[in-house]
Amino acid sequence: MTPYGWQGKILRVDLSSGVISEEPTLPTYEAFVGGIGIGYKVIWDEAPTADPFSSENRIVFAVGPLTGTHAPSSGRTEVTSISPHVYAPLAKRALVSRSGMGGYWGAELKFAGYDAIIIQGKAARPVYLWIKDGQAVIKSAEHLWGTDAFTVQERIREELGEPKAQIACIGPAGENLVRIAPILHRSGNAAGQGGFGAVMGAKNLKAIAVRGTRGVQVADGDKLNALIREIRGMMPGPLGSTPLSEGTLSWTEKHIDPHDINKQALRFNQTKSCAPHLNKYFVKHAACYSCPLACYAYNYVPGAGGGAVSCTQWFYSWLGNQDEATFVAKQRCDQWGIDTFEMFPMIQLVWYLFDTRVGDKRIIDYVCEAGMLTSELVTDLQDLHYPPEGNLGCKGIETLLRMIAFRESALGDMLAEGFRRAVDLLAARFEELSLPQVADAVRGWLRMEGIMGGVVGADGGWGMSGHYDPRTYGYYWAVNFAVENRDPNRHSMTNLLEWTGLSFEQALSIGRKYWGEEVADWGLSDLDRDRKKPLTWNDAYSARANAVLSRFIHLRACIKDMLTVCDWVYPMMTSGLAERDYTGDISLESRLFSAVTGLDVDQEGLDEIAERVWNMHRVLTLVQWGDWQPVNLRKEHDQIPDRYFTPLETHLLPPFPPAPEPHPPLEREKFEAVKAEYYKLMGWDEETGVPTRATLERLGLKEVADRLEKSGIPLK
Amino acid sequence: MGTVFEPKIVAFLCNWCSYAGADLAGSTRREYPPNVFVIRVPCSGRVGPEQVLRAFLRGADGVLVAGCHPGDCHYLKGNLAAERRVKSLYWLIDLLNIDRRRFRLEWISASEGAKFASVAREFTKDVRGLGPSNIRLSEADYQTALRMASWMEALDAVSESVERGEEPPCKGVVFSQAFRLSVPYRSQVPAAQSWIVADPSLCVGCRICEAVCSLKHEGEVNPALARLRIVNESTGPLARIKCLQDVCRQCKGADCVAACPTGALHVDPVTGARVIDGNLCIGCRNCEEACQWKMISYAPAKNVCFKCDLCGGDPACVDACPAGALKLVVTERSATDDAVRMAG
């Protein structure tokens, strides 16, 4: 019998041999639930140290038991693979990463009868995969190679005669192995970070189309319906927004009654809050499968078509653009297949090349002289600059995106490696040309600060943009950055502190209910405090308090990514209701999981599974970092960029858009103290940050421990 | 180059006034451009989105609809219906990026030959200035556009009744009968007392309606078995719709009921919904074929057809919609009233 929630089957496709096979989801993957749990397990078992672009590398598309049901905001898909995007020069092998996307694809995969797809090998010629109701075929995509991500979706649907097929695909950037190429689906849905579009490109896999008419069984429909009604009756807007919230990502339609579940999708209008100059093009709110919050704003701009936009896809507006180019920039990213999130540091970098002088010349002039850029491209790119040097124009952004997607010019070729690699490549090039001062000036960019007070932009570590500033949030956030392999942001804490509209006192009192006074009071800091004021710290409590919060973030992150539900919604830290004091409910994930699967799992039980998944991530990182040699993760891996520890004077604030100065720098001793507490809580060796044998065995990962020791990695 | 663009104008003229007006223009030798192709219709109220859109797709550069002056209608209120339908037509025209000036509604009486000639001259001149229309639409998009227009028309009717200050008798909105004007009226099935009306402009495409519907009726979450559908993810000319709901209209004509050979498809005495009794259904699929809205589906596993039954009066989809894009309309009219009226 098919178990409730799961479809019970995983599809395996070997593109080298063309062999397609099926394997049961359970019992092998039961202990890992779904999503990234399946992904990490597959990679660990099969190819943990593969090169991202090699044929051995696995790319796993997986969903969890909640996806496909009407559990609120559960229309997610998780992609797991070894990442070409993650930048860790000290690691001997490339690191594992994950990325999620919404839309209809994940649910459709369930309806087609699968919990996951494992893709390995490399096709000799461009292909796409077509899956329908338990049948999969590999079809030629030679005629589709080179098409943009909108066209390819349309053409595949037409060619298959399946208007309801859901398609995950790559644009030209993925084909050109651009390391910041996401996997795209519909308009605006993308598995953005990790460069998994390039992994697909390396496998010659243009798209995966799915269509299904099989149902998802739920254990107790009435119980699930009642629970969903309860959740929807109290849930906040996306990102924990309440009727009190204001600003960029907020509950804009204040007149909508928070109790009215039949209006809840209409509370959050991002065109209004992020790009009011596009209001006249706003068509409607748009949602992923099974999401009552509909965070996307669907716009139609004549000449640029229709497209759903959310959050950092408004990057050009956030950087100051005031016309249709905001929308065009997002459309081009989607069509050509470029990560919009990367655009913050990328555009900052281009500005920096124009703004910074060495001697009497700008860096961009040196770039030009070295033959890395034609003078026409310099002129076009200058349009990207903010006024008066440029216009923040459409031509400028399109030029940059074209240079990246098609690797146009030597500079474009470098930028296509991602902003962080580009800085090092460009600096190295100037060293080669015996221009060490120019090389130093290029590296100076690494001291740049992000925009909006560090919310996005600048170097966040791992080759990714910064995402919420640990100097503003706290040491828990710094540790969160350090032990991840990618942009570590999980919206757990932002869902309480950043966009909710609650005062710090209100948020703190909610936090106390969740973690107790000691942790909340000595772990949480007021984000709006004076910019000169350092983080909350008390020697007796703060190290542990921060460690507890960091663990909470990681475990909840794994839970979201294995169930698979939306990061903007869970854990539901706040509520939209004043009479609840805006207090949410953080037990919902386990209750939904139980109602759908019929398994009696409480939050502790779910936390334990999450811990298992998180430890899989850790051991993968361990063997990748040292290539199966013993390494000290605490010293080598668990670090964040120096700029977070260095005094403010040495930082470059972005001149545009105006940004507040960052909070005072972090202190290394405190950072180390929190790390030590964190390892203790996780059951990892305090000295090396490596999971102990006892921990792995407790989590049922004895085989993992055995394999590590057999390969010469001793465990404590 | 050098040749002047000559537009094609299609004029739908009411038999009783405007057609006679055009005839008068001819017989009194008032010149009007040869670009105007006249189509005689029984009443301007008959002209709906399907005719106008089809005219554009077949190469018309402009479409004129003309009827009797308000108050003069041969059928009393047909021309008012035309006026109302024009609103949804403009909606459709905007949606397809057709210039609004390519479409015109005029009141021309039988005695106004001169007016007809001058309208025709002016309109031709305007359209000539606009150039060729060149509208392309796939058959599927055409069908979608028509469904969309039908919802907009229905919504107009809803808001009209609200404007008239008619209080909803119970949950939902009072709704005029005009909704189903474009449905062929063949069978003698009494009208439903309630039905679901969709507002595509609000639909966010979350598909929660499909999920709750299939769970309620089939015990599993499976949009393929849902009684309503969220359709259209077009990136083409209809990109602006993004998504719209396909919901059973519980048609007044109810061809499905007439098509059922066993009586499995019957009228629910409480709601008036057209419902299928799975025990009587033999899976012949006649009803599926009869439904012009394609809202009846066939489940091969059980060899039965299935369709919306309004959940006995409290539809799960309406209850769960997070955007208020589905509404249940309940009228006070009972099934017997309607049967009486029809018989009379």
Side-chain angles (χ1 to χ4, degrees), chain A residues 68-73 75 104 107-108 110-111 133 150-151 153-154 157-158 163-164 166 186-187 211-218 221-222 224-225 228-229 232 260-267 283-296 298-300 302 305-308 596, chain B residues 94-95 97 138 140-141 143-144 171 199-226 229-244 297 299-301 316-328:
Chain A
T69 72
H70 55 309
S73 314
Y104 294 162
E108 202 69 36
K110 284 288 269 292
F111 302 140
D133 283 334
F150 290 169
T151 311
Q153 295 187 54
E154 220 172 317
R157 281 198 191 117
E158 230 165 75
K164 291 195 140 189
Q166 300 301 339
R186 302 205 299 169
S187 155
R211 169 76 182 125
T213 58
R214 298 179 177 181
V216 176
Q217 311 294 326
V218 300
D222 291 338
L224 181 63
N225 280 337
I228 290 171
R229 178 162 291 276
R232 287 187 52 193
D260 188 350
I261 66 160
N262 295 122
K263 293 278 160 57
Q264 68 189 132
L266 312 174
R267 301 162 175 174
V283 179
K284 55 163 76 168
H285 301 78
C288 299
Y289 180 85
S290 172
C291 183
L293 299 180
C295 72
Y296 278 94
Y298 188 78
N299 296 270
Y300 184 88
V596 169
Chain B
D94 289 348
L95 180 82
N97 278 330
S138 69
D141 278 350
Q143 294 295 345
T144 306
K171 187 177 178 181
D199 185 344
S201 68
L202 287 175
C203 176
V204 298
C206 67
R207 302 172 66 188
I208 289 174
C209 50
E210 293 178 338
V212 293
C213 177
S214 55
L215 184 62
K216 179 153 186 172
H217 291 96
E218 303 289 340
E220 63 178 38
V221 181
N222 186 356
L225 296 178
R229 289 188 294 263
I230 301 302
V231 290
N232 192 54
E233 282 291 320
S234 178
T235 43
L238 294 187
R240 277 176 69 189
I241 295 179
K242 179 160 171 64
C243 51
L244 84 141
S297 307
C317 54
V318 174
D319 187 50
C321 177
L326 294 170
K327 287 186 183 70
L328 179 69

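Every chain is numbered from 1, with letters handed out A, B, ... down the list of sequences.
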- With a 4.5 Å limit on heavy-atom distance, are the side chains of A:Lys284 and B:Leu202 in contact? no
Q) Are any of the side-chain nitrogens in B:Arg229 or B:Glu210 under 4.0 Å away from the carboxylate oxygens of its partner? A) no
Under 4.5 Å to a heavy atom of chain A? For B:Ala325 that would be neither
So OG of A:Ser73 and CZ of A:Arg232: to nearest 0.5 Å the spacing works out to 9.5 Å
In terms of heavy-atom pairs under 4.5 Å with chain B, the winner among A:Ala294, A:Ala107, A:Ala286 is A:Ala286
So, the part of A:Tyr289 with a heavy atom under 4.5 Å from chain B: the answer is both
Bottom line for A:Glu158: the part with an atom under 4.5 Å from chain B's heavy atoms is neither
Checked B:Pro223, B:Ser214, B:Ala316 vs chain A; the most non-hydrogen pairs under 4.5 Å come from B:Pro223
If one checks every heavy atom of A:Arg214 against chain B at 4.5 Å, the contacting part turns out to be backbone
Highest number of heavy-atom pairs under 4.5 Å with chain B among A:Asn299, A:Asn225, A:Ile261 belongs to A:Ile261
Note: A:His70 and A:Leu224 closest approach over all heavy atoms is CE1-CD2, 3.7 Å
*Heavy-atom distance under 4.5 Å between the side chains of A:Lys110 and A:Thr69, does that happen here?*
no
Value for SG (B:Cys209) from CG (B:Asp319), rounded to nearest 0.5 Å, stands at 12.0 Å
Comparing B:Ala320, B:Gly219, B:Ala211 against chain A, the one with the most heavy-atom pairs below 4.5 Å turns out to be B:Ala320
